[in-house]
Amino acid sequence: MIREVLRMGDARLLAKSQHVTQFGTGELDALLVDMRDTMAHLNGAGLAAPQIGVPLRVVIFGVHANPAFPGRIEIAETVLINPVIEPVEGTLTVDDWEGCLSVPGLRGLVPRHERIRYRGFDEAGNPVERIAEGFHARVVQHECDH
């Protein structure tokens with residue numbers, strides 16, 4: 001189901017999100033279906049649960065031939081629950097333009113680490129750990145900021 005994305009200024013976007021403690025539940029599965037549907041409907045590169053009013057540490061991201069991101073590398077769809085991000089040692093910070101589904105029509109120049117290591121869990125509770133760079137790293141950092 002396509003959900004309404006909260007807009008900048010909504011107090012729910014400022015609330016601290018809670019860790020997910022149970023994986024493979026019907027509620028988590030339904031949330032992820034709604035997040036995927038909403039992200040696809042809006043041509044987003046990612047979506048965080050708080051953006052649809054759910055205060056959980058759950059993000060999804062992925063880019064496949066998206067007209068909103070011409071010339072960008074594809075990023076495999078990833079579910080990342082209870083994410084942890086750390087810059088890779090010696091990594092530079094790079095400014096680039098970003099948009100956000102919670103701030104439609106506005107883009108800003110945002111500094112991000114060029115290379116990161118991220119980890120967390122998938123929807124079944126399996127560990128996820130990757131190193132990402134460039135656009136992939138930027139998308140992960142952006143979504144986890146929510």
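Every value quoted in this text rests on a predicted model; they were computed, and no experiment measured them.
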Does one hydrophobic cluster hold both Val139 and Val110, with members joined at side-chain heavy-atom distances below 4.5 Å?
-> no
Residues Ala48 and Met35: closest non-hydrogen pair is C-CE, 3.7 Å
When clusters are formed by joining ILVMFWY residues with side-chain heavy atoms under 4.5 Å apart, either directly or through shared neighbours, do Leu42 and Leu32 land in the same one?
-> yes
Can you tell me if Asp95 uses its side chain to pair, donor with acceptor, with the backbone of Leu109 under 3.5 Å?
-> no
Is the CD atom of Glu89 crowded by more than 12 outside heavy atoms at less than 6.0 Å?
-> no
Is there a side chain to side chain contact (heavy atoms under 4.5 Å, CB included) between Val140 and Ile85 once you walk through the steps?
-> CA-CA 8 Å; Val140 174; Ile85 297 174; 3.9 Å; yes
Salt bridge check: are Arg119 and Glu129 linked by an N-O gap of less than 4.0 Å?
-> no
Between the CD atom in Glu27 and the CG atom in Leu56, the distance rounded to the nearest 0.5 Å is 10.5 Å
Kindly indicate, with the supporting measurements, whether the criterion side chain to side chain contact (heavy atoms under 4.5 Å, CB included) is fulfilled by Val63 and Phe135.
-> CA-CA 10 Å; Val63 176; Phe135 182 61; 3.8 Å; yes
Stepwise side chain to side chain contact (heavy atoms under 4.5 Å, CB included) check, Phe121 with Val58 = CA-CA 9 Å; Phe121 301 92; Val58 176; over 6 Å; no
Gap between atom CZ of Phe23 and atom CG of Asn82 - 0.5 Å precision | 5.0 Å
When rounded to the nearest 0.5 angstrom, what is the spacing between CZ in Arg57 and NE2 in His19?
-> 4.5 Å
Is it true that Met39 and Leu13 fall in one hydrophobic cluster, defined by side-chain heavy atoms closer than 4.5 Å?
-> no
Is the closest side-chain heavy-atom distance between Gln51 and Ser102 below 4.5 Å?
-> yes
Donor-acceptor pair, Glu86 side chain versus Arg117 backbone, under 3.5 Å?
-> no
Return the minimal non-hydrogen interatomic distance between Leu80 and Cys144, and the atom names on each side.
-> CD2-SG, 4.4 Å
Give the minimum heavy-atom separation between Glu143 and Val59, together with the two atoms involved.
-> O-CG1, 3.6 Å
Minimal non-hydrogen separation, Val33 against Met1, with atom names = CG1-N, 4.3 Å
Could you tell me whether Tyr118 and His136 have their ring centroids closer than 6.0 angstrom?
-> yes
Donor on one side chain, acceptor on other, Glu114 and Thr91, under 3.5 Å = no
Could you tell me the separation between the CD1 atom of Ile60 and the OG1 atom of Thr38, rounded to the nearest 0.5 Å?
-> 8.0 Å
Are Glu123 and Arg36 close enough for a salt bridge, meaning some N to O gap below 4.0 Å?
-> yes
Out of curiosity, does Ile81 fall in the hydrophobic cluster containing Val54 (side-chain heavy atoms, cut-off under 4.5 Å, transitive links)?
-> yes
Identified side chain to side chain donor-acceptor pair (under 3.5 Å) partner of Glu98 from the options His142, Gln141, Arg107 | His142
Which atom names give the shortest non-hydrogen contact between Gln18 and Lys16, and what distance separates them?
-> NE2-O, 3.5 Å
For Leu6 and Pro50 the tightest heavy-atom approach is CD1-O, 3.4 Å
Got a second to check how far His41's NE2 is from Leu47's CG, nearest 0.5 Å?
-> 12.0 Å
Spacing of OG1 belonging to Thr78 relative to CG belonging to Asp122, to within rounding of 0.5 Å | 10.0 Å
Where do Ser17 and His146 land on the side chain to side chain contact (heavy atoms under 4.5 Å, CB included) test, with the steps shown first?
-> CA-CA 9 Å; Ser17 295; His146 288 289; over 6 Å; no
